Amino acid sequence: MLYLLLIILKWLLIILVALVVTIALGTLLFLRLAPTFGGYPDAETLTRIKASKHFNGKTFVNLVPTHASTLDISDITDGVDEEEGHLLWQFLFPPKGKNPIKPITSHQVILIDDPAALTTTLKEGEFVWLGHSTVLFKVAGQTIITDPVFHRASPVPISGKPFAMTHMPSVADLPFVDVVLISHDHYDHLDHKAIKQLVKQKKAGHFFAPLGVKAHLVRWGVSEDKITEFDWYEEAVVSKAQVEKAQVETSAVEKTAVVKNQATLSAEELRLVFTPTRHFSGRRIKGHRTTLWGSWVVHSPKLKVYFSGDGGYSSEFANIGERYGPFDIAFMEDGAYNVRWRDVHMLPEESAQAGFDVRAKVVLPIHWGKFDLSTHHWREPVRRLKQAVIKGNAQLGQGQPVKLATPRVGAIFDLDNLPNEDWWELEG
């Protein structure tokens, strides 16, 4: 009997060891081979990275000292105060009602008139918020999308699921997009499944991305000649014809480090400027801050747009406003914040101030209402931002007040008909 028990224990131990080894090996292979983690920069990009004055030889560095992370051991073991509590506890046991309890009412995105020609009903000067930091708009005859994310904000299928919506936007809803603007390579801003779908469905013209991000896009099927990488304060002037031409001549633009051009724009031209933010990057356990991050200025003769990407508050917003503003509309980060990581994610009151700093006439809050990425209630970002804008406007005196655009996901709007309903208060 004892001998039999020993045999059973022996085989149980063998099975346990084999299971541990299999899981460890599977995890290692996943981390090394899964396409979601992207690629590594080629020699040309590495040369540009090493030449950047924002690269210290190992990583990119923010313009101001920054605690560039959203999670440290101290975040789990320490509490800022009794009200904050412990982050781990808050994530594992969220309070009741923290997230929507039923699908959020959204608009069905119907933009394609002729699927074969990929034409669109989106008109010049119209905007569509597609959730989180994804905004579709048309300017200078070109359809532009920011940080197209339509799936999970995570590399694994057990986290990062978007909130349920009555009409969940997808790549299939999109028309042909002339310009894809990428702010950085975090999972809630760079969705590898969406990129692959854009390629497969032939819906993307040209990708404009931070230094180092080209490698990810290439691994997911984007042709190198359809990608232009930018360092901070580099810019390019493109027209619809030039974007199409750039698909085969982008390398010439990149070799000149994106030629700066302050000349007057024609009616069909856009100036794209990659501007700094106070954030970080990375898709792997190691290698954070080895690709760049930032925000975008989109400038046409009739419209100026600012897309904030992600970042903590800094004086650079005022610099951008002075250099490129005023902006007709700013897509401003407002969500997934915590007082412990405010260096890299603004609190709503700081987001409102950033809107004033860049001299925005209209602020569209983004980065909220789709994913549960922090400890706050899902409605809190827009509530606090609205109150901060009201307070800021009251202190302006004779200055131009900032307007707030709060569309439902999928709703088309323009600057003459801004959506301002508190629709989040109507949701469960």
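Index from 1, following the sequence. Note that the structure is a prediction, hence the values are computed from the model and not measured.
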Task: Ring-face cation contact, Tyr40 with Arg284, 6.0 Å cut, 45° max - done: yes
Task: Listed partners of Phe207 passing ring pair (Phe, Tyr, Trp, His ring centres under 6.0 Å), at least two apart - done: none
Task: His184 and His186 aromatic ring geometry - parallel, tilted or perpendicular at 30°/60° bounds - done: perpendicular
- [ ] Would you mind listing every ring pair (Phe, Tyr, Trp, His ring centres under 6.0 Å) that reaches into residues 373-404, with sequence neighbours excluded?
- [x] Tyr337-His376
Open item on the list: Centroid separation under 6.0 Å, is that true for the rings of Phe230 and Trp296?
Closed with: yes
Open item on the list: Please verify the inter-ring angle class for Phe127 with Phe137; under 30° counts as parallel, over 60° as perpendicular, anything in between as tilted.
Closed with: parallel
Task: Geometric cation-pi criterion Arg283 and Tyr187, 6.0 Å radius, 45° cone - done: yes
Open item on the list: Test your reading of the model: is there a side-chain donor-acceptor pair from Ser223 to the backbone of Asp225, 3.5 Å cut-off?
Closed with: no
Open item on the list: Closer than 4.0 angstrom, basic N to acidic O: yes or no for Lys370 and Asp188?
Closed with: no
Open item on the list: What I want to find out is whether Asp422 reaches Lys386 closely enough, with some N-O distance under 4.0 Å, to be called a salt bridge.
Closed with: yes
TODO: Please confirm whether Arg271 makes a cation-pi placement over Tyr324, using NZ or CZ under 6.0 Å from the six-membered ring centre and within 45° of the ring normal.
DONE: no
Would you give me the side-chain donor-acceptor pairs under 3.5 Å for residues 389-396, sequence neighbours excluded?
unit_1: Asn393; atom_1: OD1; unit_2: Val402; atom_2: N; d: 2.7
unit_1: Asn393; atom_1: ND2; unit_2: Val389; atom_2: O; d: 3.4
unit_1: Asn393; atom_1: ND2; unit_2: Val402; atom_2: O; d: 2.9

Task: Glu322, CD atom: more than 12 neighbouring heavy atoms under 6.0 Å - done: no
Open item on the list: Could you check whether Asp328 pairs with Lys361 (Lys NZ or Arg NE/NH1/NH2 to Asp/Glu carboxylate O, under 4.0 Å)?
Closed with: yes
Task: Side-chain (Arg342) to main-chain (Glu350) donor-acceptor, under 3.5 angstrom - done: no
- [ ] For Thr275, check side chain to side chain donor-acceptor pair (under 3.5 Å) against everything at least two apart and list the hits.
- [x] Ser295
Open item on the list: Please check this pair: side chain of Asp191 against backbone of Lys193, looking for a donor-acceptor N/O pair closer than 3.5 Å.
Closed with: yes
Open item on the list: Tell me whether Glu427 contacts the main-chain N or O of Thr105 through its side chain, where contact means a donor paired with an acceptor under 3.5 Å.
Closed with: yes
TODO: Please name all residues satisfying side chain to side chain donor-acceptor pair (under 3.5 Å) with Ser281, sequence neighbours left out, ordered by chain then number.
DONE: Thr291
Open item on the list: Whether the side chain of Glu126 engages the backbone of Lys138 through a donor-acceptor N/O pair (distance < 3.5 Å, no angle test) should be reported.
Closed with: no
Task: Main-chain N/O of Asp310 paired to Thr277 side chain as donor or acceptor, under 3.5 Å - done: yes
TODO: For atom CD1 of Ile158, decide whether the heavy atoms of other residues, nucleotides or ligands shown that lie under 6.0 angstrom number more than 12.
DONE: no
- [ ] For His107, check side chain to side chain donor-acceptor pair (under 3.5 Å) against everything at least two apart and list the hits.
- [x] none
